[in-house]
S.K.: 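Pasting a structure below so you can have a look.
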There are 2 protein chains.
Amino acid sequence: MRIGRLAEASGVSRDTLRYYEKQGLIRADRWPNGYRDYPEGMVELVRLIRQGQSLGFSLKEIGALVQGLGGGLSQVEVEQLLRGKLAEIDARMKELSNLRAVVARRLAEACPLGLDAPGSLDPKRVAS
Amino acid sequence: MRIGRLAEASGVSRDTLRYYEKQGLIRADRWPNGYRDYPEGMVELVRLIRQGQSLGFSLKEIGALVQGLGGGLSQVEVEQLLRGKLAEIDARMKELSNLRAVVARRLAEACPLGLDAPGSLDPKRVAS
DNA sequence: CTTGACCTTAGACTTAACTCCAAGGTTTAC
DNA sequence: GTAAACCTTGGAGTTAAGTCTAAGGTCAAG
């Protein structure tokens with residue numbers, strides 16, 4: 001699979017894929033002519049990278065995880081890395097559920113009667 | 001409350017608070033000498049902004065929400081904005097739970113025996 | 001054998017979100 | 001009253017994550 005095909009399949013630009021390679025997030029074999037050659041499964045990995053990113057993880061963090069799994073880390077280190085990531089994901093889910101509650105509460109306030117209760121998000125009326 | 005106090009209480013730098021103001025995310029009254037004066041509740045709002053950010057929302061998105069709530073949007077528009085945000089949060093929670101499953105699976109694989117199953121995150125061994 | 005659609009690299013440019021600096025005014029502590 | 005610790009503005013610099021451009025190589029179709 002050449003870069004254009006991977007770009008189309010994964011929904012990121014060619015430039016971005018080359019950038020990810022430079023950052024060590026993905027790898028590519030090469031044809032004799034220098035063209036990059038990706039395995040099918042790369043689509044999955046790139047999608048995972050984008051997903052991680054959209055959830056607030058930096059490329060560096062994602063890279064550390066991906067690198068760690070592929071690279072020179074020991075069994076124990078990989079395990080710790082994964083456990084750490086898992087804890088972080090759990091924390092983030094909790095935060096997200098808090099945020100959801102805040103937005104849902106504000107919706108409940110705004111929706112039925114137009115009441116303006118304290119604790120609003122409104123920066124002009126924030127509680128003194 | 002002056003800017004230094006808010007910075008300390010909310011855990012962001014003075015510069016960042018001024019930047020948020022420039023971007024329209026927060027507002028401040030002024031003392032006659034020009035110093036910014038924040039209400040207590042501002043701490044809460046700033047924390048919320050940081051939380052939203054750490055969950056992958058841009059300042060622009062957060063600003064639209066905060067602005068919308070404070071600003072010239074109609075009842076219906078605010079309601080739509082909030083519903084949209086809620087849907088987005090739900091989608092993100094689902095993604096996060098997917099990501100959690102991927103990491104947890106990899107941990108289960110890596111942990112007990114060092115087996116290398118297909119579907120790994122490893123960029124060097126991604127399925128062909 | 002040339003046209004169009006691919007691919008390569010290196011490097012410049014862009015945007016978001018800070019972060020720092022300079023030059024100066026204010027307030028508090030001694 | 002002066003030194004330290006605040007505050008102000010404007011503007012420059014930084015980092016991450018792309019995005020774009022230039023100059024050129026490859027390949028299939030007509």
Side-chain angles (χ1 to χ4, degrees), chain A residues 1-40 42-43 45-67 88 92 95 99 123, chain B residues 1-40 42-43 45-67 88 92 95 99 123:
Chain A
M1 181 189 264
R2 285 177 309 177
I3 198 169
R5 174 95 184 74
L6 176 59
E8 196 186 357
S10 61
V12 315
S13 74
R14 287 159 243 262
D15 277 339
T16 298
L17 291 172
R18 293 194 197 99
Y19 176 70
Y20 286 173
E21 183 174 329
K22 213 178 253 172
Q23 304 304 306
L25 275 88
I26 62 176
R27 265 174 27 89
D29 292 337
R30 297 294 181 126
W31 288 99
N33 61 15
Y35 287 15
R36 287 171 179 82
D37 183 26
Y38 299 100
E40 287 298 320
M42 194 54 81
V43 177
L45 179 57
V46 173
R47 288 221 187 98
L48 197 70
I49 292 170
R50 299 304 280 200
Q51 200 161 49
Q53 256 187 313
S54 86
L55 295 167
F57 296 96
S58 69
L59 285 188
K60 202 175 158 194
E61 288 177 294
I62 297 167
L65 189 67
V66 166
Q67 281 291 334
E88 210 173 322
R92 225 160 264 213
E95 276 183 58
L99 193 61
Chain B
M1 181 190 266
R2 286 178 308 176
I3 198 168
R5 173 96 183 72
L6 177 59
E8 198 186 357
S10 60
V12 315
S13 75
R14 287 161 244 265
D15 277 338
T16 297
L17 291 173
R18 295 195 197 100
Y19 175 71
Y20 286 173
E21 183 173 328
K22 213 178 256 173
Q23 304 303 307
L25 275 87
I26 62 177
R27 267 173 29 88
D29 292 336
R30 296 294 181 127
W31 289 100
N33 60 16
Y35 287 15
R36 288 172 179 82
D37 183 26
Y38 299 100
E40 289 297 321
M42 194 54 82
V43 178
L45 179 57
V46 174
R47 288 222 187 98
L48 196 70
I49 291 169
R50 299 304 282 200
Q51 200 162 49
Q53 258 189 309
S54 86
L55 295 167
F57 296 97
S58 70
L59 286 189
K60 203 174 157 195
E61 288 177 294
I62 297 166
L65 190 65
V66 166
Q67 282 290 335
E88 209 173 323
R92 226 161 262 214
E95 276 182 57
L99 193 61

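The sequence lines fix the lettering, A, B, ..., with proteins before strands; numbering per chain opens at 1.
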S.K.: Grab the two heavy atoms, one from A:Glu95 and one from B:Gln51, that are nearest each other, plus how far apart they are.
M.R.: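 Closest approach of A:Glu95 to B:Gln51: OE1-CG, 3.2 Å.
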S.K.: Can you name the side-chain hydrogen bond (donor to acceptor under 3.5 Å, both in side chains) partners of A:Asp15, sequence neighbours left out?
M.R.: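 Residues passing side-chain hydrogen bond (donor to acceptor under 3.5 Å, both in side chains) with A:Asp15: A:Arg18.
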S.K.: Using a heavy-atom cut-off of 4.0 Å across all strands, would you classify A:Arg36 as base, sugar-phosphate, or nothing?
M.R.: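 A:Arg36: backbone/sugar contact only, no base atoms under 4.0 Å.
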S.K.: At a heavy-atom distance below 4.0 Å, which nucleotide of DNA chain C is the first touched by chain A, and which is the last?
M.R.: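 Endpoints of the contacted stretch of DNA chain C: C:dC6 to C:dT9.
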S.K.: Under 3.5 Å between N/O atoms: give me all the protein pairs with nucleotides 27-29 of chain D, atom names plus distance.
M.R.:
residue	atom	partner	partner atom	Å
D:dC27	OP1	A:Asn33	ND2	2.9

S.K.: Going by atom type alone, with no hydrogens or angles, which donor-acceptor pairs under 3.5 Å involve a side-chain atom of residues 56-65 of chain B and a protein atom two or more places apart or on another chain?
M.R.:
residue	atom	partner	partner atom	Å
B:Ser58	OG	B:Lys60	N	3.4
B:Ser58	OG	B:Glu61	N	3.1
B:Glu61	OE1	B:Ser58	N	2.8

S.K.: Working to the nearest 0.5 Å, report the span between CD of B:Gln23 and OG1 of B:Thr16.
M.R.: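 Going from the CD atom of B:Gln23 to the OG1 atom of B:Thr16 covers 11.0 Å.
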S.K.: Taking only residues two or more places apart in sequence or in another chain, which ones pass side-chain hydrogen bond (donor to acceptor under 3.5 Å, both in side chains) with B:Tyr20?
M.R.: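 Partners of B:Tyr20 by the side-chain hydrogen bond (donor to acceptor under 3.5 Å, both in side chains) criterion, ordered by chain and then number, come out as B:Arg50, B:Gln53.
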S.K.: What's the spacing between B:Ser54 OG and A:Leu55 CG if we round to 0.5 Å?
M.R.: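 Separation between the atoms: 11.0 Å.
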S.K.: Can you list everything that forms a side-chain contact (heavy atoms from CB on, under 4.5 Å) with B:Glu21? Sequence neighbours excluded, please.
M.R.: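 B:Ile26, B:Ala28, B:Arg30, B:Arg36, B:Tyr38.
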S.K.: Report the residues that fulfil side-chain hydrogen bond (donor to acceptor under 3.5 Å, both in side chains) with A:Glu8, sequence neighbours left out, ordered by chain and then residue number.
M.R.: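 A:Glu8: no side-chain hydrogen bond (donor to acceptor under 3.5 Å, both in side chains) contacts found.
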S.K.: Among residues at least two apart in sequence or on other chains, which ones pass side-chain contact (heavy atoms from CB on, under 4.5 Å) with A:Arg5?
M.R.: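 Scan of A:Arg5 (side-chain contact (heavy atoms from CB on, under 4.5 Å), adjacent residues dropped) gives A:Met1, A:Ala9.
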S.K.: From CE of B:Met1 over to C1' of D:dC7, roughly how many Å is that when rounded to an integer?
M.R.: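 So the two atoms are 16 Å apart, to the nearest Å.
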S.K.: Who passes side-chain hydrogen bond (donor to acceptor under 3.5 Å, both in side chains) against A:Ser10, sequence neighbours left out?
M.R.: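 Checked A:Ser10 against side-chain hydrogen bond (donor to acceptor under 3.5 Å, both in side chains); zero matches.
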S.K.: Quickly work out the A:Arg18 CZ to D:dT21 C1' distance and round it to whole Å.
M.R.: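 These atoms are roughly 12 Å apart.
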S.K.: Within the 4.0 Å limit for protein heavy atoms, which parts of nucleotides 10-20 of chain D are touched? Write it as a string from 5' to 3', B for base, S for sugar-phosphate only, - for none.
M.R.: -------BBBB
